[in-house]
Amino acid sequence: MAEKISVLISEDEVDKRIAQLAEQLSNEYEGKVVHFIGVLKGSVFFMCELAKKMTVPVTMDFMSVSSYGNGTTSSGIVKLIKDLDESIEGREVILIEDIMDSGRTLSYLVKILKERKPASFKVVTLLDKPERRVVEIEPDLTGFVIPDRFVVGYGLDCAQKYRNLPYIGVIAE
Ligand code: PRP
């Protein structure tokens with residue numbers, strides 16, 4: 001049976017917020033080349049939209065980690081599935097996430113990536129659920145702070161479905 005999804009953040013609101021983030025980052029990195037690192041798979045939609053709106057050159061690479069078990073609760077174990085293709089040493093790195101939840105994924109990634117000596121390192125997340133945090137870590141820039149609801153769309157899935165929704169939705173209970 002298909003789930004009923006209601007809109008939490010509309011396509012228009014998401015687009016406008018991403019444009020603001022892109023403007024802020026473009027100003028901050030004026031005259032530099034920014035290296036986006038996307039965490040597969042959820043961050044892909046946000047990363048592309050943000051990159052399209054940037055006015056400084058953007059290069060891209062991807063990583064894949066597994067942080068969840070099969071359900072909707074975190075297993076607490078973060079495992080590296082796919083590493084970056086290129087070195088980040090001396091580069092202006094921005095790690096792109098779709099959502100921050102417990103903070104375990106980000107804390108793991110920040111640790112391993114900072115050891116690789118980027119020139120600068122920043123974390124941008126489209127969504128943040130601070131209520132769920134178990135590790136003390138904060139993004140540098142956030143699109144929207146949201147309540148503790150199970151969200152889908154704009155890269156976020158429910159059993160791999162709904163990533164392609166152009167808005168952030170919640171599945172009706
Ligand atoms: C999500 C999200 C983050 C992580 C956040 O990825 O993209 O990487 O969970 O959760 P945390 O703060 O509790 O660590 P997920 O493992 O669902 O993979 P996906 O992006 O492929 O859907």
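Smallest separation of non-hydrogen atoms from E49 and K52: OE2-NZ, 3.0 Å. Taking all atoms of both residues into account, the shortest heavy-atom contact from V110 to F121 is CG2-CE2, 3.8 Å. Between T125 and M100, the shortest heavy-atom contact is OG1-N, 3.7 Å. Heavy-atom minimum distance, M47 versus G38: SD-CA, 3.3 Å. Listed here is the closest heavy atom pair of Y29 and S120: CE2-OG, 4.0 Å. Among all heavy-atom pairs drawn from M60 and A51, the shortest one is CE-CB, 3.4 Å.
Taking hydrophobic clusters as Ile, Leu, Val, Met, Phe, Trp and Tyr residues chained together by side-chain heavy-atom distances below 4.5 Å, I96 does not share a cluster with V145. I5 and V7 end up in the same hydrophobic cluster when Ile, Leu, Val, Met, Phe, Trp and Tyr side chains are linked at under 4.5 Å. I88 and V33 fall into different hydrophobic clusters, defined by Ile, Leu, Val, Met, Phe, Trp and Tyr side-chain heavy atoms under 4.5 Å apart, directly or through other members.
Under the 4.5 Å side-chain criterion, counting only non-hydrogen atoms from C-beta, D98 is not in contact with Y154. Side-chain contact between V56 and K32 is absent, with no heavy atoms from C-beta onward closer than 4.5 Å. No side-chain heavy atom of Q20 sits under 4.5 Å from any side-chain heavy atom of E23. When side chains are defined from C-beta on, T105 counts as touching E97, because their heavy atoms get closer than 4.5 Å. The shortest distance between side-chain heavy atoms of K122 and L141 does not fall below 4.5 Å. Looking at heavy atoms from C-beta onward, Y108 lies out of side-chain contact with V135 at the 4.5 angstrom threshold. S26 is listed as a side-chain neighbour of M54, based on a closest heavy-atom distance under 4.5 Å. With contacts defined as side-chain heavy-atom distances shorter than 4.5 Å, the pair R116/S87 does not qualify.
With respect to the salt-bridge test (charged N to carboxylate O, under 4.0 angstrom), the residues E13 and K16 do not qualify.
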Working for side chain to side chain contact (heavy atoms under 4.5 Å, CB included), residues I94 and D140: CA-CA 10 Å; I94 302 184; D140 296 289; over 6 Å; no
Steps toward side chain to side chain contact (heavy atoms under 4.5 Å, CB included) verdict (L21, F46): CA-CA 11 Å; L21 296 174; F46 174 43; 3.9 Å; yes
Steps toward side chain to side chain contact (heavy atoms under 4.5 Å, CB included) verdict (V34, L25): CA-CA 9 Å; V34 178; L25 289 168; over 6 Å; no
Criterion side chain to side chain contact (heavy atoms under 4.5 Å, CB included) on R91 and T59, from CA distance to verdict: CA-CA 10 Å; R91 300 176 92 156; T59 55; 3.6 Å; yes
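Atom CG of L84 is separated from atom OG of S64 by 11.0 Å, given to the nearest 0.5 angstrom. I9 contributes atom CD1, which lies 6.0 Å from atom CD1 of I146 (distance to the nearest 0.5 angstrom). Expressed to the nearest 0.5 Å, how far CZ of F62 lies from CD1 of I37 amounts to 10.5 Å. Note: I171 CD1 to S6 OG = 9.5 Å, rounded to the nearest 0.5 Å. A distance of 8.5 Å separates CG in L156 from CZ in F150, rounded to the nearest 0.5 Å. Taking CG of L165 as the start and CG of D157 as the end, the distance is 11.0 Å to the nearest 0.5 Å.
A 6.0 Å sphere centred on CD of E115 holds more than 12 heavy atoms belonging to other residues, nucleotides or ligands. Annotation: K111, atom NZ; neighbour count of heavy atoms from other residues, nucleotides and ligands within 6.0 Å does not exceed 12.
Side chain of D61 to backbone of E86: a donor-acceptor contact under 3.5 angstrom is found. In this structure a side-chain-to-backbone donor-acceptor pair under 3.5 Å is present from R17 to T142.
Partner of P139 under the side chain to side chain contact (heavy atoms under 4.5 Å, CB included) criterion, chosen from D128, L95, L127: D128.
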